[in-house]
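Report on the following structure.
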Amino acid sequence: MREAASQAESWPKVILTGAQMLFVAFGALVLVPLLTGLDPSVALFTAGVGTLVFHGVTRQSVPVFLASSFAFIAPIQGSVASFGVSATMGGLMAAGLVYVAISQAVRLKGTAWLHRLLPAVVVGPVIMVIGLALAPVAVSMATGETSDNIGYGAAIFLSMTSLLVTLVLAVFGRGLLRLVPIMGGIVTGYFLALLMGVVDFTPVHEAAWLSIPSFTAPSFHWAAILFMIPVAIAPAVEHIGDMVAIGSVTRKNYLEKPGLHRTLLGDGLATSVAALFGGPPNTTYSEVTGAVTLTRAFNPKYMIVAAIIAIVLAFLSKLGALLQTIPGPVMGGIMTLLFGSIAVVGMNTLVRAGQSLTAPRNLVVVSLILVFGIGGMQFGGGQFTLQGVSLAALVGIALNWLLPREQEGE
């Protein structure tokens, strides 16, 4: 009878709960394409499609929503500048296939090999590089250097106000407000920009109400693929933590059922499908996990409804154009916190590992990952240039593999 009651759950409630889940994810979902120069409407579409792909692979067993991954913001910005959007999509598609390969290795061999290949001493500093490598981009946006019609004083006011509101909501917010600090900061900054008269509504006036999103097909270039593949390492490892986190909320072990290999496979396919249409990579959203904790909405059906709503919204061109009118300094203020927080996640990975960073072996591995990744070191040239996050990750993996491990008690 209880099963029948759950099946008879009213559709208005299901739709409203699903819409709320999308609302919680919305700010972060569209933030990634806005920061990387991609189309927010395409990101909405690929988040919806990616979520449906994930739930198809995992048989609707995990209450998660997949959308734009923060870990790829800096690499996408660097790749688009160097190789263009189409080649970047090819690299991201390959990064999704890395997830798929890892998922099959996990299915055959378990997870022990993954932790040996990618211990905290490698993953932690690589995540820090992802956050800090393009920190100057956040500062240049926050100070108005990337905006033609906003001077330094106005830019600083907008960026720091947006940042302050985000900080206050993140630290002092309660209930739903604490789940949407980024959206709160953007809305406040946008409202102030409207009062200051620095918002250009020309794109909104020119956009149709309904149209097909500006999809971009991927093209494949070795340089872009080599640049992007190592970036997939950190989110793939983080994915395990996400599954444990949502499992602790719902009191289920998703690493066993549907199995980590299935959730990784769903995540990887969702990322590759997103790149196929020109959208940013997908990942499971911690904001939505927080909303699930708050609302006790454990039914995966809510996430499927959220995905369908996202796909429908993607075809509202006015919405995509409106999002692109958000001034650069507002986004820059948010980015200063965002890139820093990614770096802190990397630091936390190292701290939780409990290893001495001044031990010679760890000192060498962490130091070279940070300096090579942040300092601009590059090897090779032309099609086979290795630099940034990709170089840092490969150097870390190689050093961890080659350097002798210290004896216990040394």
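One is the number of the first residue; the rest follow in order along the sequence.
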Inset, instruction - Using only heavy-atom distances, determine whether the side chains of Thr88 and Ser79 contain a donor-acceptor pair under 3.5 Å. - result: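 Yes.
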Are any of the side-chain heavy atoms of [X] and [Y] separated by less than 4.5 Å?
X: Ser68; Y: Leu31; value: no
X: Ile73; Y: Thr36; value: yes
X: Ile186; Y: Met331; value: yes
X: Val32; Y: Ser69; value: no
X: Phe315; Y: Pro213; value: yes
X: Leu34; Y: Pro40; value: yes
X: Leu52; Y: Ile304; value: yes
X: Phe54; Y: Asn282; value: no

Can you tell me if [X] uses its side chain to pair, donor with acceptor, with the backbone of [Y] under 3.5 Å?
X: Thr143; Y: Ser140; result: yes
X: Ser86; Y: Ala217; result: yes
X: Ser159; Y: Gly333; result: no
X: Gln60; Y: Lys301; result: no
X: Arg361; Y: Asn400; result: yes

Spacing of [X] atom [atom1] and [Y] atom [atom2] [to the nearest 0.5 Å]:
X: Ile369; Y: Met128; atom1: CD1; atom2: CE; result: 10.0 Å
X: Ile212; Y: Phe45; atom1: CD1; atom2: CZ; result: 9.5 Å
X: Thr188; Y: Leu158; atom1: OG1; atom2: CG; result: 11.0 Å
X: Tyr254; Y: Thr263; atom1: OH; atom2: OG1; result: 11.0 Å
X: Met89; Y: Phe277; atom1: CE; atom2: CZ; result: 13.0 Å
X: Leu265; Y: Leu260; atom1: CG; atom2: CG; result: 11.0 Å

Looking at [X], I want to see if its [atom1] is surrounded by more than 12 non-hydrogen atoms of other residues, nucleotides or ligands under 6.0 Å.
X: Phe191; atom1: CZ; result: no
X: Lys318; atom1: NZ; result: yes
X: Met196; atom1: CE; result: yes
X: Phe220; atom1: CZ; result: yes

Inset, instruction - Please lay out, stage by stage, how Leu316 and Leu44 fare under the test side chain to side chain contact (heavy atoms under 4.5 Å, CB included). - result: CA-CA 10 Å; Leu316 297 177; Leu44 268 168; over 6 Å; no
Considering all heavy atoms, the nearest [X]-[Y] contact:
X: Ala43; Y: Pro33; result: CB-CG, 3.5 Å
X: Ser214; Y: Val42; result: O-CG2, 3.4 Å
X: Pro63; Y: Met303; result: O-CE, 3.5 Å
X: Ser103; Y: Leu264; result: CB-CB, 3.6 Å
X: Thr271; Y: Pro281; result: CG2-CB, 3.7 Å
X: Ala223; Y: Phe83; result: CB-CE2, 3.5 Å

Inset, instruction - Quick one: do Leu370 and Val129 satisfy side chain to side chain contact (heavy atoms under 4.5 Å, CB included)? Show the steps, please. - result: CA-CA 6 Å; Leu370 291 176; Val129 168; 4.2 Å; yes
Inset, instruction - Go through Val366 and Val121 one step at a time and tell me if the side chain to side chain contact (heavy atoms under 4.5 Å, CB included) criterion holds. - result: CA-CA 7 Å; Val366 175; Val121 75; 3.6 Å; yes
Inset, instruction - Report the C-alpha separation of Tyr190 and Ser162 in whole Å, then their side-chain angles, then the decisive distance to 0.1 Å, and conclude whether the side-chain hydrogen bond (donor to acceptor under 3.5 Å, both in side chains) test is met. - result: CA-CA 9 Å; Tyr190 192 74; Ser162 303; over 6 Å; no
Inset, instruction - Mind running side chain to side chain contact (heavy atoms under 4.5 Å, CB included) on Val14 and Tyr302 for me, showing each step along the way? - result: CA-CA 6 Å; Val14 172; Tyr302 299 133; 4.1 Å; yes
